[in-house]
Amino acid sequence: MSSTVNLNPITKVDWLARRGGWRRAVDAAIDAFYPRRCLACDGDGQSGLDLCRLCEAELPWLPPACPRCALPSMFGLPCERCSGRASPIQRTRAAFLYNAPIDRLLPRLKFHEDLCAGRLASSLMLRVLQHADRPDAVIAIPLHRKRLRKRGYNQALELAKPIAQAFDLPLRGDLLHRRQHTTAQSSLDKDARAVNMQDVFVGLRGKREVPRHVALVDDVMTTGATLEAAAIALKAIGVQRVDAWVCARVP
């Protein structure tokens, strides 16, 4: 006999609310014994948040922006560049501009194995993503196996895991493969980034169903070349809509 409990929508909402209440109680207990520190300035953090009030107030939340490229635009309308070109990405959601203190937190996650900074970043992303259209699955931008072996973890995956869990969405690591070990995008200019990403990703067809709508998660979006290359590979295997969810957009 299966032990799985099927909850109707109302019961599930109540259950999630109770689970959230337990988590808040546990967080409060942990905070009482281990006071939080601000990951940006090392001052006193807040209950349930590894940021002090001053650093939280200085977070560079993204202003109204183009729905395709996430660059700030008047009233959040499509920018001139995106209005004149097709894109494999339907909607991009970025939480922040890549300014202080985000520009200090994300490098700590990406290059210094500071997974606490990743958990903080993903929790802040959720404040913006709660308004996003819900996809059928979440996919973290994969690293090539050589870079993954050297770094030991994938910073995009560290952001994607708590987001997928919070929204009760499947995290699919079986749909997208990075088949080329490329030069780091951060060392290249805009044109070179696009060339660097050509044929880097391949979509994978397995036994599981290919979702209709997915959200790609990454830490920083600069030109969008990486995300667009990944979206093209996913659409080649039947994904119909690809959105991008990123922590920060380089202005």
Side-chain angles (χ1 to χ4, degrees), residues 12-63 65 70 93-132 134 138-141 143 148 151-171 173 186 215-222 244-251:
K12 186 172 183 180
V13 168
D14 291 340
W15 177 77
L16 288 172
R18 289 197 297 272
R19 186 176 67 171
W22 276 108
R23 285 181 175 175
R24 286 191 293 272
V26 171
D27 285 343
I30 292 173
D31 291 343
F33 289 98
Y34 303 99
R36 291 182 182 261
R37 304 297 296 175
C38 177
L39 295 182
C41 72
D42 201 36
D44 293 333
Q46 304 176 63
S47 178
L49 187 67
D50 293 320
L51 280 178
C52 67
R53 294 189 183 279
L54 180 59
C55 288
E56 183 184 17
E58 293 179 347
L59 288 171
W61 294 102
L62 187 76
R93 293 271 188 175
F96 303 103
L97 289 172
Y98 193 65
N99 294 330
I102 295 299
D103 61 355
R104 298 195 299 270
L105 289 174
L106 291 181
R108 285 168 54 175
L109 166 65
K110 189 170 185 175
F111 301 114
H112 302 290
E113 204 173 348
D114 190 342
L115 302 186
C116 290
R119 287 193 292 272
L120 172 60
S122 61
S123 69
L124 294 171
M125 289 173 68
L126 285 169
R127 298 185 186 182
V128 171
L129 295 176
Q130 63 180 324
H131 305 297
R134 290 290 183 271
V138 173
I139 300 174
I141 291 290
L143 292 179
L148 181 60
R151 188 173 296 169
Y153 63 99
N154 177 358
Q155 75 280 355
L157 183 59
E158 295 304 316
L159 294 175
K161 285 189 289 189
I163 290 171
Q165 182 179 27
F167 292 146
D168 196 22
L169 294 171
L171 181 60
S186 58
L216 282 169
V217 175
D218 206 1
D219 55 341
V220 180
M221 178 179 180
T222 304
W245 291 354
V246 299
C247 185
R249 179 61 159 103
V250 176

Practice task
Enter the distance from Asp218:CG to Ile139:CD1 here, rounded to the nearest 0.5 Å.
Solution key: 12.5 Å

Practice task
Please name all residues satisfying side-chain contact (heavy atoms from CB on, under 4.5 Å) with Leu54, sequence neighbours left out, ordered by chain then number.
Solution key: Cys52, Glu58

Handout entry: Closest non-hydrogen atom pair, Asp219 against Leu159
Key = CA-CD1, 3.6 Å

Exercise for the section: Return the set of residues passing side-chain hydrogen bond (donor to acceptor under 3.5 Å, both in side chains) with Asn99 (not counting sequence neighbours), or none when no residue passes. Expected result: none

Exercise for the section: Give a yes or no answer on whether the side chain of Arg249 reaches the backbone of Tyr98 with a donor-acceptor pair at less than 3.5 Å. Expected result: no

Practice task
Heavy atoms only: give me the nearest Ile102-Pro107 pair and the separation to one decimal.
Solution key: O-CD, 4.1 Å

Handout entry: For Glu56, all residues meeting salt bridge (charged side-chain N to carboxylate O under 4.0 Å, His left out), sequence neighbours excluded
Key = Arg127

Practice task
Starting at CG of Leu97, measure out to CG of Leu62 and round the result to the nearest 0.5 Å.
Solution key: 5.0 Å

Handout entry: Glu113 and Arg151, any side-chain heavy atoms less than 4.5 Å apart
Key = no

Exercise for the section: Take atom CZ of Arg53 as the centre, draw a 6.0 Å sphere, and report whether it contains more than 12 heavy atoms from other residues, nucleotides or ligands. Expected result: no

Handout entry: Donor-acceptor contact present, side-chain Gln155 to main-chain Leu109, <3.5 Å
Key = no

Exercise for the section: Can you measure from CG (Leu49) to SG (Cys55) and round to the nearest 0.5 angstrom? Expected result: 10.0 Å

Exercise for the section: List in chain and number order the residues that pass salt bridge (charged side-chain N to carboxylate O under 4.0 Å, His left out) with Asp114, two or more places apart in sequence or in another chain; answer none if no residue qualifies. Expected result: Arg108

Handout entry: Atom pair CD1 (Ile163) and CH2 (Trp245), whose distance is rounded to the nearest 0.5 Å
Key = 7.0 Å

Problem - Side chain to side chain, Phe167 and Leu129, heavy atoms closer than 4.5 Å - result: yes

Handout entry: Asp103: partners by salt bridge (charged side-chain N to carboxylate O under 4.0 Å, His left out), with sequence neighbours left out
Key = none

Completion exercise
salt bridge (Lys or Arg N to Asp or Glu O under 4.0 Å) pairs touching residues 152-161, sequence neighbours excluded, are Glu158-Lys161

Fill in the blank from the handout: When rounded to the nearest 0.5 Å, the distance separating CG of Leu126 from CD of Gln165 is 10.0 Å

Exercise for the section: Would you please say whether a donor-acceptor pair under 3.5 Å links the side chains of Arg36 and Gln46? Expected result: no

Practice task
Drop me the distance from Asn154's CG to Leu148's CG, to the nearest 0.5 angstrom.
Solution key: 6.5 Å

Practice task
Might you point out which heavy atoms bring Ala117 and Leu105 nearest each other, and give the distance in Å?
Solution key: CB-O, 3.7 Å

Handout entry: Trace of the side chain to side chain contact (heavy atoms under 4.5 Å, CB included) decision for Cys38 with Asp50
Key = CA-CA 5 Å; Cys38 177; Asp50 293 320; over 6 Å; no

Problem - Flag, side chain of Asp44 to backbone of Arg37, donor-acceptor distance under 3.5 Å - result: no

Problem - Validation row: Val246, Val217 side chains within 4.5 angstrom (heavy atoms) - result: no

Problem - Where Val128 and Ala94 come nearest, the two heavy atoms and their spacing - result: CG1-O, 4.2 Å

Handout entry: Minimum side-chain heavy-atom gap Leu106-Cys247 below 4.5 Å
Key = yes

Problem - 4.5 Å side-chain heavy-atom contact, Leu157 and Leu143 - result: no

